[in-house]
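First up is the structure itself, then whatever we jot down about it.
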Amino acid sequence: MSAALLSSISLVPPPVPNGEPEPVQMPVIDFSKLQQTDGSRLAVIRDVETACREIGCFQVINHGISKSVMEGALSAANDFFESPAQSKAEFMSPDITKPVRYDCSNEGINKSRSYLKHYAHPLEEWIKFWPREPPSYRIKMGQYAVEIRRVALCLMHAILQSLGLGQAYLGTKLEEGIQLLAVNSYPQSTQPGVTLGLAPHSDYGFITILLPSCPGLEVMDPKTKVWMSVQQPADTLHVHIGDHLEALSNGKYRTVVHRALLHSENSRVSIASIHGLAMNEKVRSAEELVDEQNPVMYKESSFRDFLDFLPSKETKNKSYIDSLRIGAAE
Ligand SMILES: O=C(O)CCC(=O)C(=O)O
Ligand SMILES: [Fe+2]
């Protein structure tokens, strides 16, 4: 492992190199207060509502995931990408329905991102497909996957409450839902100025929780369309809203357009944990959020529909969320 890469596995973000925009502090949600039953939870639910409506992302503190679990997952990710090409190659496949997929082709939006994607819930069903190299990958990534899902479920219930639907709105559908880990690797930038690692896109699910080894994530301000460089203090988790939550909320909350830039001083790994409903479960705009002024704005769709959309011709002209928006320009 290179010294540069080793030094990037730390939860203390290195200083932002000269010439790059000042990072923006995102709204902060105190996760520990969501566990309380008194007014503190309601105050945090109001903060969740404001963050989701105004910017579509927030950061979570006091989530209870230990530093060693977070660092363990980042170092397992890093060690996987550093492992011999041969052990990564076994996961290369054009079939996007495979349980584990590695891609270093830098095609499409992956300007200079290599990634490993795999399902993570239920863990016992999927972990047997995960990489054996490095030997600690399954243990460390598995621990992180379980912990981050606990946080994700609580946040998704809080988001449903913030929409006025009640935290139990979807019954057990969130618990039965999928978790997909996108484990990303970006080289250190060799060019002066901004270099794209991952081109602008939104994530398909309800929420994505991101853990990076160093800065690089940018989110688009939904009002001004200006890119904001995300500041993620040590030990926090970055959460953003995905396409299916936009659809469920009937547009009250908007999916977050984001991209990743290469860092000028470090190579970078990030782990995106994507959470949504089960593969064939259709997401619909909540009836409670539909009235004469707010007619249904989205077609119903499932994760399976998203997988079918990816290789389709339609993908070339529009994003998945655009394909769901009723009345959007064809
Ligand atoms: O690496 C990042 O910061 C972003 C990753 C991402 O957007 C994704 O995996 O969908
Ligand atoms: Fe993303």
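We count ligands from 1, going down the list as the structure has it; atoms in each ligand are counted the same way.
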Task: Arg150 side-chain N/O to His63 backbone N/O, donor-acceptor pair under 3.5 Å - done: yes
- [ ] For Leu217, counting its heavy atoms only, list the atoms of ligand 1 lying under 4.0 Å from any of them.
- [x] 3 (O)
Task: ligand 1 atoms in contact with Asp203 (distance to a heavy atom under 4.0 Å) - done: 10 (O)
- [ ] Could you check if a side-chain atom of Ile55 sits within less than 4.5 angstrom of a side-chain atom of Thr50, using non-hydrogen atoms only?
- [x] no
TODO: Can you label the angle between the Phe306 ring and the Tyr204 ring as parallel, tilted or perpendicular, going by 30° and 60°?
DONE: parallel
Task: Which segment of His201 sits under 4.0 Å of ligand 1 when only heavy atoms are counted - done: side chain
- [ ] Check if Arg268 has a non-hydrogen atom at a distance under 4.0 Å from any atom of ligand 1.
- [x] yes
Task: Heavy-atom nearest neighbour in the protein, as seen from atom 5 (C) of ligand 1, with distance rounded to 0.1 Å - done: Asn184 ND2, 3.4 Å
Task: Test item: Gln35 side-chain N/O and Phe31 main-chain N/O as donor-acceptor pair under 3.5 Å - done: yes
Task: For Ser270, the ligand 1 atoms whose distance to one of its heavy atoms is below 4.0 Å - done: 1 (O), 2 (C)
TODO: Give me the ring orientation class for Tyr102 and Phe81: parallel if the planes are under 30° apart, tilted from 30 to 60°, perpendicular past 60°.
DONE: tilted
Task: Ligand-residue contact atoms, ligand 1 with Ala182, heavy atoms, under 4.0 Å - done: 9 (O)
TODO: For the atoms NE2 of His258 and OD1 of Asp203, give the angle they form at the Fe ion (ligand 2), rounded to 10 degrees.
DONE: 100°
Open item on the list: Using a 6.0 Å cut-off, check whether atom CD1 of Ile139 has over 12 heavy atoms from anything other than its own residue.
Closed with: no
TODO: Kindly say whether Ser302 contributes a backbone atom to a donor-acceptor pair with the side chain of Asp305 at under 3.5 angstrom?
DONE: yes
Task: Check: Arg113 side chain, Asn184 main-chain N or O, donor-acceptor pair, under 3.5 Å - done: no
Task: Contact atoms of ligand 1, heavy-atom distance to Arg113 under 4.0 Å - done: 8 (C), 9 (O)
Open item on the list: Under 2.8 Å from the Fe ion (ligand 2), is there any N, O or S atom belonging to His201?
Closed with: yes
Task: Identity and separation of the nearest protein heavy atom to atom 4 (C) of ligand 1 - done: Tyr186 OH, 3.8 Å
Open item on the list: Can you report which non-hydrogen protein atom sits closest to atom 6 (C) of ligand 1, along with the distance?
Closed with: Leu198 CD2, 3.4 Å
